[in-house]
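As the structure is a computational prediction, the values presented were derived from the model and not from experiment. Atoms within each ligand, like the ligands themselves, are counted from 1 in listed order.
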Amino acid sequence: MASSAEGAKVLNAYKEALATAASVSAYAMLARGMARELVPEELRAAVRWGASFLRSRLGTREKERHTIIIRRTVDKNHCAPFDDGSSLFEAARTYLATKINPRAVPRLRISRSPLFEPDGTCSWRTLLSMEDGGSTTDVFDGVEFCWMYMDAGGGGDNGNRGQGGSESLELSFDAEHADTALEKYVPFIMSAAEELRRQDRALKIFLNDGAGAWQGINHHHPATFDALAMDSALKQSVLDDLDRFLQRKEYYQRIGKAWKRGYLLYGPPGTGKSSLVAAMANYLRFNLYDLDLSGVFSNSYLQRLLIDMPNKSILVIEDIDCCFDTMSREGRNEDTYDDYHTGGYQQERKITLSGLLNFIDGLWSTTGEERIIVFTTNYKDRLDPALLRPGRMDMHVYMGYCGWEAFKTLARNYHLVDDHPLFPEIQELLAVVEVTPAEVSEMLLRSEDVDAALGVLMEFLQGRRHAPDEAKHNHDEAR
Ligand SMILES: Nc1ncnc2c1ncn2[C@@H]1O[C@H](COP(=O)(O)OP(=O)(O)OP(=O)(O)O)[C@@H](O)[C@H]1O
C-alpha cells in the first residue's frame, strides 16, 4: 500500500510538472504573440541585426586595432617643468582624470598640475592619473576607446624631463573608427579638458586701470542663486535664460548675430543687483569684467579694453544711468557730450551709450564666442531710451524690496530656519513695509540667536511702518 501511495505521489508530481511546463510554453507563445503585436517590425529587425552582428563578431578573429601615441611635449632647451596645459597630452590627462574611479583602481598617481590663467598667472590643482602601464576605457559616440599610460623613465611630475624622459598616452581603437577618433573624439577631449580647467580655475574680477588695461583679482563672492532672496519664478527665468543662451551657439551663428546676451538689472539700492551679477558669474564660472566708464575717455581706449576681454566672461557696467547722463545731453552733439575735466585741462569724451552698444555688437559679432553684458541701475526711468529699445538688453530684471518669499530665503541662509513663532507677524509687516533684502540681512546678522535676531528684525519693521523713510521714494523712482 505504501508503495502505491508513493507511486501516486510521484505521478501527481509528474502531472503537475507537465501542467507547469504547458503553462510556461503557453505564456511563451503568448509573449511572442504580444511582442509581434506591440513591438514595431523595425525594432525587432534591429534586435535581430544586433544579435547576428554579435554572433558574427564572436565567431571571427579579432579586429585590426589602431593606436595613436600622444607624447608629453618637453622643452629640453629650457627644461620647462610643465607645459601650459594646452597640449593634447595635458588635455587628455585632464580629461582622463575624470574617468578614473579611485575605488576601482588599486594603484594611482596623484600630482599637482598648473592651471594657467589668461592673464598669465598660475594656480595649482590636484590631478589623478594612471600608473605606468595602467589603462582605462572610455565610450564616445558608441565607440570604445582604450587609453594606456606609458612612462619611459625620467618622466613623472617630479622626474627630470630635461634629461630625455618621456611620458605618453596611447589611445587605441578598432581601425574602422579612425575617423571618429581623429575628427570627433580628439577635438572633444580638447574642449572637454578646456571646460574642466575653466571649472577648476579661481574666478576673477577684472577692473580697468587708468592705463586702459584690466587688472584682475580673485573673486570669491559667495553669492549663489540658491542664496539669492528674490521672487522664485523670476530667479528661475534668469537661470533658464542663461542655460538657453549657452546652448544656442549655432542659432546665433545662423541668424548672424553676436553670441551675446544683455541683462538690465534695476531696483533700489541694496536689493541684490550686484549679488545677482556675482551669482551669475559663479553659476556660469565666467570671470567678471567690471568696467568703470568714468575712466574711459575715448573709443579707442574702450576698444582696447573690450578686445582684451576673453570669451566666457561677463562685462558689467554698474549704475549705467550715471555713466550716460541723458539729462545733460540736450543741445549737445550726440557723439561728443560730457566734457571731462582732468589736470586743469578739458578733454572731450566721445563715448555715447548707443555708440557703446553698437561697438560691442560689432566687435563681439566677429568672435563667435559667448559673452554676457550686464547693466545695473537704481533708476530705470533715467536711462537713455536707446538702452530700453527691444533688442538692446535682452532681459530686464527688477530687483525689488524684500517680500515674504525673499525673507524666508534669508532666514534659511542666516539661521537655518523654515518656520518660527514670529514668522506670521513678520509676514504681515513685510506686506506693508518696504525694506531691502540688504536691510533684512543686516538685522538677521545682529545676533546668532535666531529668537534675538528675529526680534530685532520685528522691531525694525515696526519702526519702519510707523516712520516710512525715503525707501519708498527710492522704490517708486527705481520702478
Ligand atoms: N536679493 C538679495 N538676496 C540676498 N542677499 C541680498 C540681496 N540683496 C541684498 N543682499 C545683501 O545685501 C548686500 C548688498 O546687496 P547688493 O550690493 O547686491 O545690492 P545692490 O542692489 O547691488 O545695491 P546697489 O544698488 O547699492 O549697488 C549683499 O552683499 C547681500 O548680503
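Regarding atom 15 (O) of ligand 1, its nearest protein heavy-atom neighbour is S275 OG, 3.9 Å. For atom 19 (O) of ligand 1, the closest heavy atom belonging to the protein is G272 N, 3.2 Å. Atom 3 (N) of ligand 1 has A229 N, 2.8 Å as its closest protein atom, hydrogens excluded (heavy atom only). Atom 6 (C) of ligand 1 has as its closest protein heavy atom P437 CB, 4.0 Å. Regarding atom 13 (C) of ligand 1, its nearest protein heavy-atom neighbour is A438 CB, 4.2 Å.
In this structure, K380 is positioned above the aromatic face of Y266, its NZ or CZ under 6.0 Å from the six-membered ring centre and within 45° of the axis. Stacking of R254 on the aromatic ring of Y251 is not recorded, the 6.0 Å distance cut-off and the 45° axial limit not both being met.
The distance criterion of under 3.5 Å between nitrogen or oxygen atoms is met by N378 with respect to ligand 1. An N or O contact shorter than 3.5 Å links G270 to ligand 1 by distance.
Ligand 1 places these atoms under 4.0 Å from at least one heavy atom of A227: 4 (C).
Counting only N and O atoms by type, the side chains of D449 and H415 include no donor and acceptor under 3.5 Å apart.
Exactly one of N208, V296, I307 qualifies for a side-chain contact (heavy atoms from CB on, under 4.5 Å) with L302. That residue is V296.
Below 30°, between 30° and 60°, or above 60°: for F407 and W404 the angle between ring planes is below 30°, a parallel geometry. Using cut-offs of 30° and 60° for the angle between ring planes, the F89 and Y149 rings count as tilted.
The closest approach between L410 and ligand 1 falls below 4.0 Å for a heavy atom of the residue.
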